Amino acid sequence: MNLQKVTFQNKEGQHLVGRLELPADQHPHNYVIFAHCFTCNKNLAAVRNIGKALTSKGFGVLRFDFTGLGESDGDFADTNFSGNVADLLAAADYLKEEYEAPALLIGHSLGGAAVIFAAAHINSVKAVATIGAPSNPDHVENLFKSDLPEIKATGEAVVNLGGRDFTIKKQFVDDLESKSLPEVAQQLNKALLVMHSPQDLTVGIKNAEEIYKAARHPKSFVSLDGADHLLMNKNDSVYAGEVIAGWAKRYVDIPEISPLKSNHQVVASLDAEDGFTTSMKVGSHYLLADEPTSFGGNDFGPSPYEFVSAGLSACTAMTVQMYVRRKKWPLENIEVHTSYSKTHAKDCENCEADSAKIDTFHREIKLMGDLDDKQITRILQIADKCPVHKTLHSKTQVITTLIN
């Protein structure tokens, strides 16, 4: 996973801080914006787990702190639900300008209500997923219900939520009460996934039913049975992320990768705009080769020499195990550690010349098992007889022809 800190401005000119998570082995096929729950922040464990599940499936995920929360600028007391929606629009504009417009919005709790409102204003969004979302934003009032009389009488009150004090102003309450989620959901021309736990004690399962009934098709519901509202159990949040990733692929555009075909054992294909990131078909397996970022690559896959080193390591391990199985020796496991470099040849006449350096594979072998010294000595001799080792030591030729 590639994690980057990003900042962008909301409509008030305040800086919002986020984290952009990118897949470890490819460019994202689609971008996602995640809206966290009321008074939470981008670093909630459930948010991170869902993001990782999505990036493992090729999505790029932006999670950020709403105005007045976490690392973002602003005073939470001066915010409201409409401001959260506006922050989501600002996040979408940022992705569009710097990367690619988002295709998927995900919202947790009040963030779920916010993404439904925001999706109506983001043309690039094709799918929306909610987790434990209230069917109306004013459901949040239940969290500070005992303080409502003071808020409405004096204009504000200090409310303790999740062990933290927040100042809630009357304008926040008025804004919540003016928003009707079912009306917006009814007009939402996007695919919708509603996820909710029947055991959610903060936002009851009835809310999921009301959102689902109001929304148009295509719509789906998935029960997060046994989960709490904040998905504190890692298994629940990872599951949610994996389900969203699988569901969303029916609605977002994912470029098809043309299958590589060849009469040879290996084929490598590299487009002009892809830098060093090379698609490969090795036998019946599809892989990526690349160079490290320090060399100008994306580090999406092993480098060519790492592939050669990998072949030597694998061949050594296979050859030794095949030999000891035939001998019935108690070798439980073999590890072959290999790296490649160019080093000075020993006893060279001109050690300062570039030509004095030769290709060198450093190989270390770890053996686990009740082996005696004689067996170990023989195993090391067999390691030098593996086919790839012998190929690297033999005179080879590469015959190149052009395919018409």
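What's counted below: heavy atoms across the whole structure, side chains too, no hydrogens, waters or symmetry copies. All values derive from a computational prediction rather than experimental measurement.
Minimum heavy-atom separation, Leu88 to Ala35: CD2-CB, 3.9 Å. Closest approach of Val266 and Met280 over heavy atoms only: CG1-CE, 3.8 Å. In terms of heavy-atom proximity, Thr67 sits nearest to Asp87 at OG1-OD2, 2.8 Å. The heavy-atom pair separating Asp290 from Gly297 by the smallest distance is OD1-CA, 3.7 Å. Taking each heavy atom of Leu260 and Ser279 in turn, the nearest pair found is CD1-O, 3.7 Å. Annotation for Asp236 and Gly226: closest pair OD2-O, 4.4 Å, computed over non-hydrogen atoms.
Ion pairing between a basic and an acidic side chain is recognised when a charged N comes within 4.0 Å of a carboxylate O; Lys213 and Glu209 show such pairing. Ion pairing of Glu21 with Lys42 is absent here, as no side-chain N (NZ or NE/NH1/NH2) approaches a carboxylate O to less than 4.0 Å.
Other residues, nucleotides and ligands contribute only 12 or fewer heavy atoms inside 6.0 Å of the CD atom of Glu183. Within a 6.0 Å sphere centred on CD of Gln397, other residues, nucleotides and ligands contribute 12 heavy atoms or fewer. Around atom CE of Met318, no more than 12 heavy atoms belonging to other residues, nucleotides or ligands sit under 6.0 Å away. Counted within 6.0 Å of CZ on Arg250, heavy atoms from surrounding residues, nucleotides or ligands total 12 or fewer; the atom is thus considered open. A 6.0 Å sphere centred on CD of Gln381 holds more than 12 heavy atoms belonging to other residues, nucleotides or ligands. Dense packing is recorded around CE of Met368, with more than 12 heavy atoms of other residues, nucleotides or ligands lying under 6.0 Å away. Lys57 NZ: 12 or fewer foreign heavy atoms inside a 6.0 Å radius.
Summarising the geometry, atom CD belonging to Gln4 is positioned 5.0 Å from atom CG belonging to Leu22; distances are rounded to the nearest 0.5 Å. The CD atom of Gln26 sits 10.5 Å away from atom OG1 of Thr277, with the distance rounded to the nearest 0.5 Å. To the nearest 0.5 Å, atoms CD1 (Ile403) and OG (Ser262) are separated by 6.5 Å. Atoms OG1 and CZ, from Thr316 and Phe361 in turn, are 11.0 Å apart once rounded to the nearest 0.5 Å. Of the inter-residue distances, the one linking Ser197 atom OG with Ile205 atom CD1 reads 7.0 Å to the nearest 0.5 angstrom. Rounding to the nearest 0.5 Å gives a distance of 5.0 Å between OG1 of Thr130 and CD1 of Ile211.
Using bins of under 30°, 30° to 60° and over 60° for the plane-to-plane angle, the ring pair Phe64/Phe8 lands in the perpendicular bin. Between Tyr31 and Tyr99, the ring-plane angle classifies as tilted under the 30° and 60° cut-offs. Ring pair His389/His393 is parallel by interplanar angle, where below 30° counts as parallel and above 60° as perpendicular.
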Evaluation steps, side-chain contact (heavy atoms from CB on, under 4.5 Å), between Ile50 and His108 = CA-CA 11 Å; Ile50 291 171; His108 182 199; over 6 Å; no
message = I'd like to know whether Trp329 forms a side-chain contact (heavy atoms from CB on, under 4.5 Å) with Ile379, so could you lay out the CA-CA distance, the side-chain angles of the two residues, the decisive distance to 0.1 Å, and finally the verdict.
response = CA-CA 10 Å; Trp329 291 354; Ile379 285 173; 4.1 Å; yes
ask   = Which is it for Gln9 and Gln14 under the side-chain contact (heavy atoms from CB on, under 4.5 Å) test, yes or no, and what are the steps along the way?
value = CA-CA 5 Å; Gln9 289 186 334; Gln14 297 163 317; over 6 Å; no
request  = Before giving the answer on side-chain contact (heavy atoms from CB on, under 4.5 Å), spell out for Leu188 and Arg216 the whole-Å C-alpha distance, their side-chain angles and the decisive distance to 0.1 Å.
outcome  = CA-CA 7 Å; Leu188 185 68; Arg216 297 178 177 182; over 6 Å; no
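Under the 4.5 Å side-chain criterion, counting only non-hydrogen atoms from C-beta, Val267 is not in contact with Lys261. Side chains of Tyr239 and Val222 form a contact here, defined as non-hydrogen atoms less than 4.5 Å apart. Annotation: side chain of Lys126 is not in contact with side chain of Lys190 (no heavy-atom distance under 4.5 Å). The closest side-chain heavy-atom distance from Leu62 to Pro102 is not below 4.5 Å. With contacts defined as side-chain heavy-atom distances shorter than 4.5 Å, the pair Ile244/Ile106 qualifies. Looking at Phe66 and Phe76, their side chains never come closer than 4.5 Å, going by heavy atoms from C-beta outward. Side-chain contact between Pro134 and Leu181 is absent, with no heavy atoms from C-beta onward closer than 4.5 Å. When side chains are defined from C-beta on, Leu95 does not count as touching Ser124, because their heavy atoms never get closer than 4.5 Å.
In this structure, Phe59 has its ring center under 6.0 Å from that of His29. Ring centroid separation for the pair Phe300 and His27 comes in under the 6.0 Å cut-off.
In the model, Ser309 has no side-chain atom that pairs as donor or acceptor with a side-chain atom of Thr338 under 3.5 Å. Between the side chains of Asp225 and Gln199, at least one donor N or O lies within less than 3.5 Å of an accepting N or O.
Applying the side chain to side chain donor-acceptor pair (under 3.5 Å) rule to His229 yields the partners Ser109, Asp200; only residues at least two apart in sequence or on another chain are considered. With sequence neighbours left out, Val184 forms a side chain to side chain contact (heavy atoms under 4.5 Å, CB included) with Ile116, Phe117.
Geometrically, Lys219 engages Tyr212 in a cation-pi contact defined by less than 6.0 Å to the ring centre and at most 45° from the axis.
Among residues at least two apart or in separate chains, salt bridge (Lys or Arg N to Asp or Glu O under 4.0 Å) pairs with a member in residues 361-383 are Arg363-Asp384.
With Leu89 as the partner, the side chain to side chain contact (heavy atoms under 4.5 Å, CB included) test is satisfied by one option alone out of Asn10, Ile122, Ile33: Ile122.
Here the side chain of Thr278 pairs no donor or acceptor atom with the backbone of Leu270 at under 3.5 angstrom.
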